[in-house]
Amino acid sequence: MPLDPGVVNISLIMPKQDKTDYRNDFERMYQLINESLAQTKKTVLKGEVTGSYCPGDYDLSISGYKFCGIAQRRQTNAFIIQAFIIAEGSGSQRAKLVRSFYDEAAVGAESGAYPLVETDSMASLEELAGIGWPDLVQAVRETVRAGQTPEGMAQAASRLVMPDEQAVRQMIAELRKRYTF
């Protein structure tokens, strides 16, 4: 997905557990976004949007236009559920950009080996619901805060383990080694 100033990335970072059903995590992100957008009175649907870029079971759409894709990344001690939300700008322009990328990058590839992006499959929240990224961010903050209790916050803070300086330096060295060209 093209990432530019009109795209908001929301990430939920969770401790890694021995579970295999990632759909529960995607559902958690869907619920967060759906609740955050409730004040728009727009129906947020989940499910693949034909013709969109980065298609998946957890595409989020309003009136048939995809405005969000949800992905997940698993790491050693945690996993991250990410929502890439087209908040502002032209969804069709972004789709056009991605389509031109595939048209060039997939020369010679078999049909069906890459998404056939349609420019009328995507839209921004600004186009669909009249809200931009500042309103979206505020709505997400309010939704998250509504689910927090002082007891829950205290309990979470008591489990927070910050790495010491040696652990940070070791991680920096590992990352430099891994990503140095």
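Everything numeric here is computed off the predicted structure, so don't read it as measured data.
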Between [atom1] of [X] and [atom2] of [Y], what distance do you get to the nearest 0.5 Å?
{"X": "S36", "Y": "I33", "atom1": "OG", "atom2": "CD1", "result": "7.5 Å"}
{"X": "Q82", "Y": "S11", "atom1": "CD", "atom2": "OG", "result": "4.0 Å"}
{"X": "I86", "Y": "R94", "atom1": "CD1", "atom2": "CZ", "result": "5.5 Å"}
{"X": "R99", "Y": "Y53", "atom1": "CZ", "atom2": "OH", "result": "14.0 Å"}
{"X": "L128", "Y": "F67", "atom1": "CG", "atom2": "CZ", "result": "7.5 Å"}
{"X": "E88", "Y": "D4", "atom1": "CD", "atom2": "CG", "result": "10.0 Å"}

Could you report the tightest heavy-atom contact between [X] and [Y], atom names first, then the distance?
{"X": "S124", "Y": "G89", "value": "OG-O, 2.8 Å"}
{"X": "A129", "Y": "K42", "value": "CB-CG, 4.0 Å"}
{"X": "I10", "Y": "M29", "value": "O-CE, 3.4 Å"}
{"X": "A71", "Y": "F84", "value": "CB-CE1, 4.2 Å"}
{"X": "E48", "Y": "P55", "value": "OE2-CB, 3.7 Å"}

Count I, L, V, M, F, W, Y as connected when their side-chain heavy atoms are under 4.5 Å apart, and connections chain through other members. Are [X] and [Y] then in the same cluster?
{"X": "Y65", "Y": "L125", "answer": "yes"}
{"X": "F101", "Y": "V117", "answer": "yes"}
{"X": "I62", "Y": "L32", "answer": "yes"}
{"X": "L60", "Y": "L12", "answer": "yes"}
{"X": "Y179", "Y": "M171", "answer": "yes"}

Show the atom names and distances, to 0.1 Å, of all donor-acceptor pairs under 3.5 Å that link a side chain in residues 131-142 to residues at least two apart or in another chain.
from, atom 1, to, atom 2, distance (Å)
Q138, NE2, E142, OE2, 3.0

Could you give me the CA-CA distance, side-chain angles and deciding distance for Q155 and E151, then say whether side chain to side chain donor-acceptor pair (under 3.5 Å) is met?
CA-CA 6 Å; Q155 185 181 33; E151 298 81 22; over 6 Å; no

Any side-chain heavy-atom pair from [X] and [Y] closer than 4.5 angstrom?
{"X": "M14", "Y": "D25", "result": "no"}
{"X": "K66", "Y": "S121", "result": "no"}
{"X": "S90", "Y": "K96", "result": "no"}

Tell me, yes or no, whether the heavy-atom count around Y30 atom OH, taken from other residues, nucleotides or ligands under 6.0 Å, exceeds 12.
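Yes, the 6.0 Å shell around OH holds more than 12 heavy atoms from other groups.
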
Taking side chain to side chain contact (heavy atoms under 4.5 Å, CB included) as the definition, give me every residue that meets it alongside A109, ordered by chain and number, with sequence neighbours left out.
A106, A113, Y114

Indicate every side-chain donor-acceptor pair of residues 161-170 with a distance under 3.5 Å to a residue at least two apart or in another chain.
from, atom 1, to, atom 2, distance (Å)
D164, OD1, Q166, N, 3.3
D164, OD1, A167, N, 2.8
E165, OE2, R169, NE, 3.0
E165, OE2, R169, NH2, 2.7
Q170, NE2, E174, OE2, 3.3

Using the side-chain contact (heavy atoms from CB on, under 4.5 Å) definition, which of the options R28, Q72, R73 pairs with I81?
Q72

